**Q** 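Here you go, one structure.
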Protein chains: 2
Amino acid sequence: MATRTDAPTRREQILKEAARLFAERGFHGVGVDEIGAAVGISGPGLYRHFAGKDAMLAELLVGISEQLLRGGERRTAEAAGSPGAALDSLIEGHIDFALDDRPLITLHDRELDRLRDSDRKLVRSSQRRYVELWVSAVRGVYPGLAEAEARASVHAVFGLLNSTPHLGRPGALPGREAMAGLLRRLAHGALEAASKGDAGDSSGSGRSQ
Amino acid sequence: MATRTDAPTRREQILKEAARLFAERGFHGVGVDEIGAAVGISGPGLYRHFAGKDAMLAELLVGISEQLLRGGERRTAEAAGSPGAALDSLIEGHIDFALDDRPLITLHDRELDRLRDSDRKLVRSSQRRYVELWVSAVRGVYPGLAEAEARASVHAVFGLLNSTPHLGRPGALPGREAMAGLLRRLAHGALEAASKGDAGDSSGSGRSQ
DNA sequence: TCCCACTGTTAGTGAGCGTTAACGTATGTC
DNA sequence: GACATACGTTAACGCTCACTAACAGTGGGA
């Protein structure tokens, strides 16, 4: 992860602002003029850098999903042999992503179907492989968990970790480090609980009721 | 809960199909002609039943948020005096909602900003009160949890429970009752874990790392 | 100096789409 | 029978908006 010091190129500026705007008001809710205005040029000037509005979305979504997958692969490779460490690292990486790239998270599961078939297939493929990474890690730690339940649990934990964009003002919530710690506890607790009481007992899972 | 036996009115048919289409392709991604076709009439015939496309979305979102809030209020009232029972019942109700009304869930946090100011205020108000219901219940069961963390945890659990729409085909996942049980365990486990290790320890929360 | 690639501008075009207008028909009521 | 109401239809309007055309300034390399 080479930390870059050079100034962002125009393409990158555009992608960043487009991501923010798309996340705020949806793909169809944002006009090219607004995206242009956000980077100081106006409207059709964007077409010097991208083939069209669709191309920006495609590049964003493909980029996110591939980056997420590569990060996951790297982390599981580093933790090879220790399922616990792999799962911890996956959770850690996903928390970083959720806290640092809120707009991208939102886009990721909101505007996927706007893509051309080929791009959507690309994104879906990366997503699927990322999920499988998680499912393997989870089942490595909790071998008792059936595959379907592990997969559903992984999706649920994604929903849990990706919940930060829904917290309105970033004031009334814990600071970044506290938030990361809380999400870590929530995710571990959820998975731990999923692995218990797995024997078809679908009535009172917890305390009372 | 009066189970209705009479046929759904045309308005209700339209709302149901509109909800499904909006959830699938987004508010702007669906044309009025498609909505009309989905109920067997064509395009502008919808205007005999609704003032416009916006009005359909507004009625949907206001309806969902108010229904959710009323259900929560009823459940906490029924469980008055027992914080544990209240939280259990809230979780149960939200799971039912998530499993039975997937399209509405999706709409609920995706298309809110398309609404007129007055309607959006209505929805936001219901949402806020619903969250506060949960925060009170959570803090009743786990008094050690600070308010900001309880609120963040509640949002996270919403994300967890609302994750079912993201599961592609409804075939590769557990059946309805198994899924409900799994979500119950996940939610309880997450909140339980949030309440522990609350003393600013933001490093190793769980097992290894 | 000439050239050309790069990056931007404004004006215009064409398609999509929400909405309205004008009109037709069945049903129940006086 | 006359009439109002409810519920549809098709045709057309007008606005928004992505995209293109035509044009212009800037800067580096031969």
Side-chain angles (χ1 to χ4, degrees), chain A residues 6-62 103 107 110-120, chain B residues 6-62 103 107 110-120:
Chain A
D6 48 345
T9 161
R10 179 110 294 180
R11 271 184 75 88
E12 292 169 331
Q13 291 179 40
I14 295 172
L15 281 178
K16 184 180 169 189
E17 294 303 310
R20 184 179 56 79
L21 289 168
F22 288 161
E24 280 175 6
R25 299 206 288 282
F27 180 69
H28 281 110
V30 179
V32 289
D33 290 352
E34 295 179 80
I35 303 176
V39 296
I41 73 182
S42 224
L46 296 171
Y47 288 77
R48 298 291 170 195
H49 305 274
F50 293 92
K53 203 181 153 194
D54 299 334
M56 302 182 206
L57 183 65
E59 191 158 329
L60 279 171
L61 292 187
V62 173
L107 280 188
R110 190 169 296 198
E111 311 280 4
L112 183 60
D113 17 345
R114 307 267 172 280
L115 263 51
R116 303 205 328 267
D117 272 26
S118 61
D119 288 324
R120 188 170 51 246
Chain B
D6 46 347
T9 160
R10 181 113 289 182
R11 272 183 74 89
E12 290 168 332
Q13 289 181 41
I14 295 172
L15 282 178
K16 184 180 170 189
E17 294 302 311
R20 183 179 57 79
L21 290 168
F22 288 161
E24 278 174 10
R25 299 206 289 281
F27 180 70
H28 282 110
V30 179
V32 289
D33 290 352
E34 295 178 81
I35 304 175
V39 297
I41 72 182
S42 224
L46 296 171
Y47 287 75
R48 298 290 170 195
H49 304 274
F50 293 93
K53 203 181 155 195
D54 299 335
M56 300 180 208
L57 183 65
E59 190 158 330
L60 278 171
L61 293 187
V62 172
L107 280 187
R110 187 167 297 197
E111 311 280 5
L112 184 60
D113 18 344
R114 308 264 172 281
L115 262 52
R116 306 206 326 268
D117 273 25
S118 61
D119 287 325
R120 188 169 52 246

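Since we're looking at a predicted model, the values are computed, not measured. Sequence lines set the chain letters: A, B, ... in the order given, protein chains first and strands last, and positions in each chain run from 1.
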**Q** Using atom names, set out every protein N or O paired with an N or O of nucleotides 6-13 of chain D below 3.5 Å, distance rounded to 0.1 Å.
**A**
{"unit_1": "dG8(D)", "atom_1": "OP1", "unit_2": "Arg10(B)", "atom_2": "NH1", "d": "2.3"}
{"unit_1": "dG8(D)", "atom_1": "OP2", "unit_2": "His49(B)", "atom_2": "NE2", "d": "2.7"}
{"unit_1": "dG8(D)", "atom_1": "N7", "unit_2": "Arg48(B)", "atom_2": "NE", "d": "3.1"}
{"unit_1": "dG8(D)", "atom_1": "O6", "unit_2": "Arg48(B)", "atom_2": "NH2", "d": "2.2"}
{"unit_1": "dT9(D)", "atom_1": "OP1", "unit_2": "Ser42(B)", "atom_2": "N", "d": "3.2"}
{"unit_1": "dT9(D)", "atom_1": "OP2", "unit_2": "Ser42(B)", "atom_2": "N", "d": "2.9"}
{"unit_1": "dT9(D)", "atom_1": "OP2", "unit_2": "Ser42(B)", "atom_2": "O", "d": "3.2"}

**Q** Rounded to the Å, how far apart are Tyr47(A) OH and dT20(D) P?
**A** 7 Å
**Q** Tell me which pairs pass side-chain hydrogen bond (donor to acceptor under 3.5 Å, both in side chains) where either residue lies in residues 51-60 of chain A, with sequence neighbours left out.
**A** Arg11(A)-Glu59(A)
**Q** Please report the distance, rounded to the nearest Å, between CD in Glu34(A) and C1' in dA18(D).
**A** 13 Å
**Q** Pairs in or reaching into residues 15-41 of chain A: which pass ring-ring contact (aromatic ring centres under 6.0 Å, His included), with residues at least two apart or in two chains?
**A** Phe22(A)-Phe27(A)
**Q** Between atom CG in Asp33(B) and atom P in dA15(C), what is the gap in whole Å?
**A**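 Atom-to-atom, Asp33(B) to dA15(C), this comes out as 18 Å.
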**Q** How many Å lie between CG on Leu57(B) and P on dG18(C), as a whole number?
**A**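 In whole Å, dG18(C) P and Leu57(B) CG are 13 Å from each other.
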**Q** Counting C-beta onward and ignoring hydrogens, is there a side-chain heavy-atom pair between Arg10(B) and Gln13(B) closer than 4.5 Å?
**A**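 Yes. Closest side-chain heavy atoms under 4.5 Å.
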**Q** Write down the distance between CG (Asp54(B)) and P (dG18(C)), rounded to a whole number of angstrom.
**A** 10 Å
**Q** How long is the gap from CG on Leu60(B) to CG on Asp119(B), to the nearest 0.5 Å?
**A**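 These two atoms lie 11.5 Å from each other.
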**Q** For Gly29(B), is there any backbone N or O sitting under 3.5 Å from a side-chain donor or acceptor partner on Arg114(A)?
**A** no
**Q** Only pairs at least two apart or in different chains count here, so list each salt bridge (charged side-chain N to carboxylate O under 4.0 Å, His left out) that has a residue in residues 31-41 of chain B.
**A**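 The answer is Arg25(B)-Glu34(B).
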**Q** Can you pull every protein N or O that's under 3.5 Å from an N or O on nucleotides 14-17 of chain D?
**A**
none

**Q** Just jot down the side chain to side chain donor-acceptor pair (under 3.5 Å) partners of Arg48(B), sequence neighbours excluded, or say none.
**A**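 Side chain to side chain donor-acceptor pair (under 3.5 Å) list for Arg48(B), sorted by chain: empty.
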**Q** Considering only heavy atoms from C-beta outward, does the side chain of Leu46(A) approach that of Met56(A) to under 4.5 Å?
**A** yes
